[in-house]
Amino acid sequence: MYSATGMLMLLTAALAILAPSALGLDRAEFPPGFLFGAATSAYQIEGAYLEDGKGLNNWDVFTHTRPGDITDGRNGDVTDDHYHRYMEDVEIMRDLGVNSYRFSISWARILPRGHSGGVNSAGIAFYDRLIAALLQKGIEPFVTLHHFDQPQELETQYGSWLGTGIREEFDYYADVCFRAFGDRVKFWTTFNEPNVFAKDSYMLGTYPPNHCSSPFGTCNSGNSYREPYVAAHNIIMSHAAVVDNYKRNYQAKQGGSIGIVIEMKFYESLTNNTEDILAAQRAMSFEIHWFLDPLFFGEYPKEMREMLSSNLPKFSLAEKRLLQNKVDFIGINHYTAIYAKDCMLSPCDLNTYEGNALVLAIGERDGVRIGKPTALDGFYDVPEGMEKIIKYVDKRYENVPIYVTENGYSQHSSNGLEDLVNDVGRVNYMHGYLSSVASAVRRGANVRGYFVWSLMDNFEWAHGFTVRFGLYHVDFNTQVRTQKMSAKWYHDFLMGSRPVDALQTLRADY
Ligand code: GAL
C-alpha cells in the first residue's frame, strides 16, 4: 500500500509524462525583456495575521466578525502560510521558470495602525528578505501597494476610502515603501482593481466595510448610489499623489515605473440592437473609463457624468492638474468576456455588479454560452476576449505600455485531488489566452508582461477556499505544494520547448 504522499508523488510523476507542451505558442514571439510571471496578494497567501507586530487589517476584522459572508466561513489567518514559507515559494517560482513575481505588500504589516502608529521594522524586514530571495533567483519583483487590505485603524479614523484623510495615509505608506524597497523594486502599482474594490465594498457590500443600500443588498449602513464614487474619487486622487511623489523624489534615482491595475471584462453586445450596443459601451465605461479617463483625460466619462449626476464627485482645477501624467503603464486583469444587455428600455434586476450602468451581464446568447464555464459564476473561457480588451485599451489610452497583471482559471475545491492536479481546463485556458496576447503583440499593442493568477491556490476573498486558481495545488492542512499540469505546461512554454505532443488530444477530450 502507498501512503497518501506516495500516491501523490506517483500521480505527479504520471502527470509529468502526460502533460501537454505549449504547442503552437512560442515564447520567442514575445518581445525581449517581456515579463512572464505569476501573481499573488498579501492577504490571500501570507497568513501570520498577528505576527511580528502586524496590525489588524480590514479583512482580518471582516472575516472574523462576519464569517457568514465568506462561503466556507473561513479566513486568511493562516492560508498558504507564505510568511513562513516564502523561501520554498521562491524556489517553486525558480523551478517554474518565471522571470517576475507580482505580489502585494500588507499595509498593516508595515504600518500596523497607519501613520500614527509608526513603522514596523519586522514588516520591512520580511519584504526585504522576500525581495532579496527573488533577486537572488533572477526574479523581478512587481509590487502592488494596495490589494484590497488596509489597516483597520484607518476604517475607524476616516471611514477608510470615504474620508479624504486616507489620501495622506496612503501617500505616507507608499513613501515608506519607496524609501525601503525602491532601490530594488522597479515595477510598482498603486492599486489593484479599485473598480472591483469600490463596488464590492460600497455598492454590493460583499467586501469590508460591508456598506450598501437597497436594492444592491442589505447592510447596516451605506449608500450604493453614492459611496462607490466617493471612495473611487479618493482612490484616484491617492494614486495621483503617490505617483507625483514617486516621480518627483524617487523615479530618477531608482529608475522604476509606476502604474495602476484595473479589472476589465470584455463586454460584448448581446444583440445587434442599438440599445444593447450602447449597453456594452456603458458597461465598459463604468468598468474601465471610470478610473482611467480621469488619469488620461482629467475627467470622468460622459456616460457616468450624465447618469450619476450629483452622486459623481467633480475634479477641481487643482485636482485636474495633479492628475496629469500619472500612469507609466496600465495593468489589465482580464479573466472573461460577457454579454451586455440593456436595462434602460427593458426592465431587469439591477442589484448586480453592472446594475449602476443599467446593464445586465449574461453568459448566454440564444441558449449558447459565450465560452466554457469555470468554477466562478460569470467567468467563462473566451480567449479572444484577451486580444479584444488589449486592443481596446491600446486604442483609447494612446498605445500606453500594458502588463496583463492577472489572468487565470478557477476550479472547484470539492473536485478530487487527481482532477485538481490534472488541470487540463487551465492548460487549455492559458494556451488560448496567451495565444491571444501573442496575437495582440503581433498587431502592435505595447504589451510588456503577463502574470498568471495565481502562483498557488489561496484564500479567494468571499469564496474562501472553495475555489482554486493556483498553478500549484496547496493542501491547506499540511501546506504541501504540488505542481499541477498547468505549472508544467507553463514551465515548458517558458523554456521554449515545443515538442509535438498530446495537446490537441487533450483539447478534444476536454
Ligand atoms: C481578482 C483579484 C485577485 C483574485 C482574482 C481571482 O479580482 O485581484 O485577488 O482574487 O480576482 O478571482
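Order of appearance sets the numbers: ligands from 1, and atoms from 1 within every ligand. Starting from 1, each residue takes its place in the sequence as its number.
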Enquirer: Using a 3.5 Å cut-off on N or O atoms only, is N192 in polar contact with ligand 1?
Expert: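 Yes, since at least one N or O of N192 sits under 3.5 Å from an N or O of ligand 1.
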Enquirer: Keeping Y127 on the side-chain end and S106 on the backbone end, is there a donor-acceptor pair under 3.5 Å?
Expert: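 Confirmed, Y127 side chain pairs with S106 backbone.
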Enquirer: Of the protein's non-hydrogen atoms, which lies at the shortest distance from atom 3 (C) of ligand 1, and what is that distance?
Expert: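 Of every protein heavy atom, E406 OE1, 3.4 Å lies nearest to atom 3 (C) of ligand 1.
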Enquirer: Can you confirm whether R129 is buried at CZ, in the sense that more than 12 heavy atoms of other residues, nucleotides or ligands lie under 6.0 Å from that atom?
Expert: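 Yes, enclosed.
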Enquirer: I need the single residue from D423, D457, D419 that forms a salt bridge (Lys or Arg N to Asp or Glu O under 4.0 Å) with R468. Which is it?
Expert: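 Considering D423, D457, D419, a salt bridge (Lys or Arg N to Asp or Glu O under 4.0 Å) with R468 is found only for D457.
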Enquirer: Looking only at protein heavy atoms, which one is nearest to atom 5 (C) of ligand 1, and how far off is it?
Expert: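 Nearest protein contact, heavy atoms only, for atom 5 (C) of ligand 1 is Y335 OH, 3.2 Å.
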Enquirer: Quick check: does any side chain N or O of D381 sit under 3.5 Å from a backbone N or O of K372, one acting as donor and the other as acceptor?
Expert: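 Not confirmed, D381 side chain does not pair with K372 backbone.
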Enquirer: When rounded to the nearest 0.5 angstrom, what distance separates CD in E46 from NE2 in H84?
Expert: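 It comes to 10.5 Å.
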Enquirer: Report, in ascending order of atom number, the atoms of ligand 1 lying under 4.0 Å from any heavy atom of Q44.
Expert: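 Ligand 1 atoms under the 4.0 Å threshold to Q44: 3 (C), 4 (C), 9 (O), 10 (O).
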Enquirer: With a 4.0 Å cut-off on heavy atoms, is H147 touching ligand 1?
Expert: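 Checking ligand 1 against H147, which is what was asked, there is a heavy-atom contact under 4.0 Å.
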Enquirer: Report, in ascending order of atom number, the atoms of ligand 1 lying under 4.0 Å from any heavy atom of E460.
Expert: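 In order of number, 4 (C), 6 (C), 10 (O), 12 (O).
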Enquirer: So is E263 touching ligand 1 or not, going by heavy atoms under 4.0 Å?
Expert: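 Judged by the 4.0 Å heavy-atom criterion, E263 does not count as contacting ligand 1.
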Enquirer: Quick test: of every protein heavy atom, which one is nearest to atom 7 (O) of ligand 1, and how far off is it to 0.1 Å?
Expert: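 Looking at atom 7 (O) of ligand 1, the protein heavy atom closest to it is E193 OE1, 2.4 Å.
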Enquirer: Tell me which one of F170, F197, W107, F148 satisfies ring pair (Phe, Tyr, Trp, His ring centres under 6.0 Å) with F191.
Expert: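 That would be F170; it is the only one of F170, F197, W107, F148 passing the ring pair (Phe, Tyr, Trp, His ring centres under 6.0 Å) with F191.
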